[in-house]
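These notes are about the structure you will find just below.
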Amino acid sequence: MPGYHPSDFEKKWQAHWLNHKTFRAANPGQPGADRPKYYVLDMFPYPSGAGLHVGHPLGYIASDIVARYKRHMGYNVLHPMGFDSFGLPAEQYAIQTGQHPENTTRDNIARYTEQLQSLGFSYDWDREVRTSNADYYRWTQWIFLQLFNSWYDLDANRARSLKELTDAFGAGGSAAVRAAGDDADRAVFTAGQWQMFTEHQRLETVAPYRLAYQTETYVNWCPALGTVLSNDEVKDGVSERGGYPVERRLMAQWMLRITAFADRLLRGLDQLDWPDAVKEMQRNWIGRSEGAEVRFALEYRPTDALTVFTTRPDTLFGVSYLAVAPEFDGLDALCTDEYRDAVAQYVYAAKNRSERDRQADVKTISGQFTGAYATHPFTGARVPVWVADYVLAGYGTGVVMAVPAHDTRDYAFARHFELPIVPVIEGYDSALNEAYTEKSGRVFNSGFLDGLEVKHAITAAIAELEKTGQGAGRINFRLRDAIFGRQRYWGEPLPIYYAADGTARGIAEKDLPLTLPEIDEYKPTQDGNPPLGRATDWKYEKNGAHFPFELSTMPGWAGSSWYYLRYMDPSNPNRFVSEEAEKYWGEVDFYLGGAEHATGHLLYSRFWYLFLKDLGLVTGEEPFRKLLNQGMILGRSSIVYRVNVMWGLGLDSIDNSIARSLFISRDFKERLVKGGMESLEGKRIIGFLEHEQVRLETEEFSEQSVELIHAIDVSTDISEIKVDVSRVDNDVLDINGIRQWRDEFNNAEFLLEPDGRFLCGAEVEKMSKSKHNVVTPDDLVEKSGADALRCYEMFLGPLEQYKPWNTSGLSGVSTFLRRFWRLFHPEDGDFALTEEAATPAELKILHGTIKKVRDDVERLSFNTVVSALMIATNELSALNCHKRAVLAPLVIVLEPYAPHLAEELWAKLGHAPGTVSTAPWPAVEEKYLVADEVTYPLAVNGKVRSEMVFAATATAPEIEEVVRASDFLAKYAEGKAAKKIIVVPGRMVNVVV
RNA sequence: GCGGAUGUGGCGAAAUUGGUAGACGUGCCAGACUUAGGAUCUGGUGCCGUAAGGCGUGUGGGUUCGAGUCCCUCCAUCCGCACCA
């Protein structure tokens with residue numbers, strides 16, 4: 001039977017592609033690798049139990065279009081897919097059900113794979129990676145070991161191996177190196193002392209230099225999940241996943257020293273072709289700020305000092321107090337006896353306020369004087385030291401110098417505690433009741449800084465601090481080292497064991513992978529250990545002895561920080577990626593994914609890449625050259641409105657005692673809201689009750705009604721119930737369908753619009769099961785085909801935008817594909833094309849379309865391509881064009897968007913199956929692109945007076961001639977002869993008289 | 001508060017360098033054809049107005065012969081960060 005039926009061939013081609021490995025990317029040495037490479041990458045999904053909804057494929061479709069387009073352009077395209085398969089949801093499910101996360105993960109991946117394949121993506125499935133496979137995470141563990149065995153040399157500004165560090169220690173002691181990290185944690189020793197160190201001492205000495213290290217730190221502890229969360233996994237004081245409360249807790253944690261790379265991570269952004277929003281977020285997250293470190297000697301212990309970080313050393317003469325964070329280390333020692341108790345009390349209260357409370361109410365000003373005084377480095381004045389919870393322990397030194405006149409928070413604090421406010425920059429006005437925070441103005445009241453502009457005062461102040469040894473210029477970063485351990489099961493085990501002397505050591509490379517042990521339950525142990533504490537035999541065997549393994553596992557972002565490298569050489573047993581493959585594929589040319597990974601995954605990946613580069617393991621500059629964020633497709637929830645009414649048949653039969661619920665169509669709801677609840681009593685509401693075929697009215701009878709139902713009371717507010725969107729079409733509720741959906745609707749009454757329909761309200765929000773607004777691709781593919789869905793998702797609008805899903809528009813692209821099909825099947829019969837030569841009109845359509853599609857894909861404007869193809873199809877239909885010369889090239893142009901249809905037609909055109917994807921992009925013949933005619937505005941002395949149409953091929957002299965000969969000059973230039981005629985090609989003619 | 005983005009018909013949107021605003025698609029209206037279907041085809045559809053005509057790209061202003069597009073002002077919505085010294 002003829003006609004366009006995608007189900008006839010879509011599955012066929014998908015199977016063909018899979019069986020023939022049509023989209024296999026060639027690695028160096030394989031046939032095809034001589035072509036230029038192009039690497040198109042999707043952010044791989046976490047395979048959740050819910051499967052894909054229509055929002056998920058949006059980015060995959062776009063990247064697939066780019067991949068397919070690049071194949072036509074002659075590239076060797078790497079376009080892989082895999083699964084980020086370690087993660088919390090599978091673990092939570094495992095805790096609840098006892099199911100091994102491996103099983104649920106495997107099932108979910110199977111479902112994802114099936115759904116992805118039904119959409120016709122051109123992935124090279126041979127390269128699939130799964131982060132939870134031991135073959136994969138062995139290399140995640142291996143990279144961790146490299147981090148564990150490296151340190152960061154500030155002089156060379158790169159990561160280096162520990163061997164080089166210990167060599168340096170042996171030659172020059174601890175003074176021989178400058179390393180990233182906190183020197184306060186590190187021992188000072190000479191080369192001679194190093195030589196005498198035992199192995200244990202050496203390991204202890206080296207530990208605080210490592211790029212993967214353990215430390216006691218305040219972490220976000222989530223009791224409900226039994227694990228530590230990173231800052232970006234905590235939103236508003238609750239966990240991003242699950243929404244459980246999160247508290248601050250001091251714990252020993254594995255950390256990665258990402259801060260060592262802060263400056264390079266910041267500077268690298270400049271050369272990336274990424275959305276500004278993402279780059280800006282990363283800059284913000286890294287938070288570089290220039291300023292100075294200033295030492296304030298303590299009055300009673302002049303050998304000790306409080307060091308502050310400030311970006312405003314120019315305001316030093318305006319300091320009226322110092323403030324330290326409640327968590328500040330030497331706080332207790334700082335206090336005078338008189339104030340010790342009060343301070344302790346304050347600190348206790350401050351610490352017990354949860355992070356959320358502290359953030360929620362920044363307005364409340366609190367603090368406590370410590371009794372201590374420091375000495376001002378320039379004036380020698382006494383500066384009181386306070387403790388205040390507006391000072392953050394984690395930023396700078398945990399101590400600030402307060403300049404109330406020029407800082408909003410200091411100002412509020414000083415007003416509250418009646419501390420002095422000393423203006424030192426012109427611009428402060430005490431009458432305004434606010435600080436003057438502009439970074440401009442002239443300095444006064446400030447000794448040697450007087451008269452300087454802020455900018456110069458900053459340099460001068462720093463110079464003075466450095467001269468007197470009381471401080472120095474300093475650059476501070478907001479970025480914190482990344483916590484790298486999770487107290488949970490479903491993640492990569494850290495390849496670490498603890499030797500008899502208690503030191504943490506990496507396991508030998510030959511013992512990788514360290515595979516997850518089987519355990520009986522996935523919860524933390526009774527005594528609060530991570531789930532791995534349940535494993536029996538979780539011990540490292542070395543020389544016949546057994547040592548305990550680390551119990552925490554890696555965070556979710558470990559595996560995703562390097563997966564794009566594994567795709568290059570996915571099954572290499574000897575190396576995480578071979579040198580040749582890494583060198584060949586290089587950087588990812590085009591990376592597509594959600595903006596939610598802006599500061600997590602995308603920053604960690606860059607960090608790992610820079611680290612691997614320092615070790616000489618990768619050869620590019622950055623992992624992802626070009627990045628694009630696809631927007632989210634939102635659901636359109638359908639809402640029905642329910643009121644409780646008392647009602648009966650006819651006036652006499654009202655049963656006052658029985659309130660029944662009634663579902664009312666949207667318009668009645670609006671009337672009720674407008675008129676208030678009384679309107680059901682006071683005003684006529686006419687509508688049909690669905691199954692009784694009578695009118696519901698109030699007070700007044702209607703002549704047409706056979707039986708009357710009186711609503712006499714509305715006892716409750718209108719309640720809104722979200723209903724399954726698959727039972728709603730264009731806001732019209734399928735009442736029979738909804739009756740079967742839920743019991744509460746089964747015997748419900750529905751008040752209909754006069755035309756007999758029941759309308760739902762709508763709300764646009766994230767797709768989620770609980771809102772019943774999820775639309776899955778499966779039914780749509782089944783009904784309209786994958787090609788239609790692909791085209792439609794692109795047609796929806798600009799890729800980056802957030803947009804609501806609306807299934808009804810799908811019919812438009814279905815029609816387009818059917819029409820395209822018909823160009824090849826005249827009269828909707830058999831495949832038949834004529835061999836006639838194309839007319840100029842047809843060639844104009846053809847070449848215009850080839851160019852338009854090419855240009856639009858190049859500039860990543862995916863939506864306008866669909867329109868262009870629709871217009872071409874409609875125009876060729878109107879011309880009744882069924883010519884091979886015109887239509888064959890269009891099949892290639894269509895292929896990235898509708899690959900199944902293209903394959904089908906390509907085969908019918910007589911080509912070998914599966915070859916359309918590599919057919920060269922048709923050449924554009926420019927001569928067919930020009931317009932027939934162009935309208936020129938005609939102006940006299942720059943004032944437009946008229947317009948004239950010229951042939952598009954008309955030259956400037958020809959146009960001048962026509963203008964001169966026309967009555968234009970006589971009419972608008974009052975007959976004056978033209979001094980000069982200026983022709984702007986395609987734009988305008990200006991006559992100067 | 002800081003940073004980023006976006007405002008165009010009933011709806012999704014287009015207009016790539018300033019040059020006929022609203023292409024294309026939905027939705028709606030009318031018609032054709034049909035053993036009424038969520039099929040196909042044709043025409044119409046920015047707003048006001050019977051019409052002539054007028055008004056129209058968030059607001060107000062500016063540059064220009066000409067502004068959705070460039071400049072300034074304000075407003076609204078969304079996203080990210082947020083006591084970062």
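Here is how names work: the chains are called A, B, and so on, in the same order as the sequence lines, proteins then strands, and each is numbered from 1.
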Distance below 4.0 Å between A:Y390 side-chain N/O and B:A85 OP1 or OP2: no

Could you give the side-chain donor-acceptor pairs of residues 315-326 of chain A under 3.5 Å, partners two or more places apart or in another chain?
unit_1 : atom_1 : unit_2 : atom_2 : d
A:T315 : OG1    : A:R312 : O      : 2.7
A:S320 : OG     : A:P420 : O      : 2.9
A:Y321 : OH     : A:Y390 : OH     : 3.0

Sugar-phosphate, base or nothing in reach of A:K851, heavy atoms under 4.0 Å: nothing

Touch class at under 4.0 angstrom, heavy-atom based, for A:K852 against every strand present: base

A:R312 vs B:A85: side-chain N/O to OP1/OP2 distance below 4.0 Å: no

Whole-Å gap separating C1' (B:G3) and CH2 (A:W274): 18 Å

Secondary structure string for RNA chain B (Watson-Crick or G-U under 3.5 angstrom, | for other-strand pairs): (((((((..(((......[....)))((((((.......))))))(((....)))..(.(((..]....))).))))))))....

Spacing between A:K439 atom NZ and B:A85 atom C1', to the nearest angstrom: 11 Å

A:D182 CG: over 12 foreign heavy atoms closer than 6.0 Å: yes

Pairwise 5' ranking along RNA chain B for A:D856 and A:G398, keeping only the more 5' one: A:D856

Contacts of A:N284 that satisfy side chain to side chain donor-acceptor pair (under 3.5 Å) - sequence neighbours left out: A:R478

Reading 5' to 3' through nucleotides 21-31 of chain B, protein heavy-atom contacts under 4.0 Å coded B for base, S for sugar-phosphate only, - for none: --BBSSS----

Atom pair distance, as rounded to whole Å: NE2 in A:H406 and P in B:C83: 23 Å

Options B:U40, B:G80, B:A13, nucleotide nearest the side-chain atoms of A:P798: B:A13

side-chain N/O A:Q801 vs B:A13 OP1/OP2, d < 4.0 Å: yes

Whole-Å gap separating P (B:A85) and CZ (A:F477): 13 Å

Pairing residues for A:S289 by the side chain to side chain donor-acceptor pair (under 3.5 Å) criterion, not counting sequence neighbours: A:Y395

Any residue meeting side chain to side chain donor-acceptor pair (under 3.5 Å) with A:S726, in chain and number order, not counting sequence neighbours: A:D724

Residue met sooner reading RNA chain B from 5', once A:N863 and A:M281 are mapped to nucleotides: A:N863

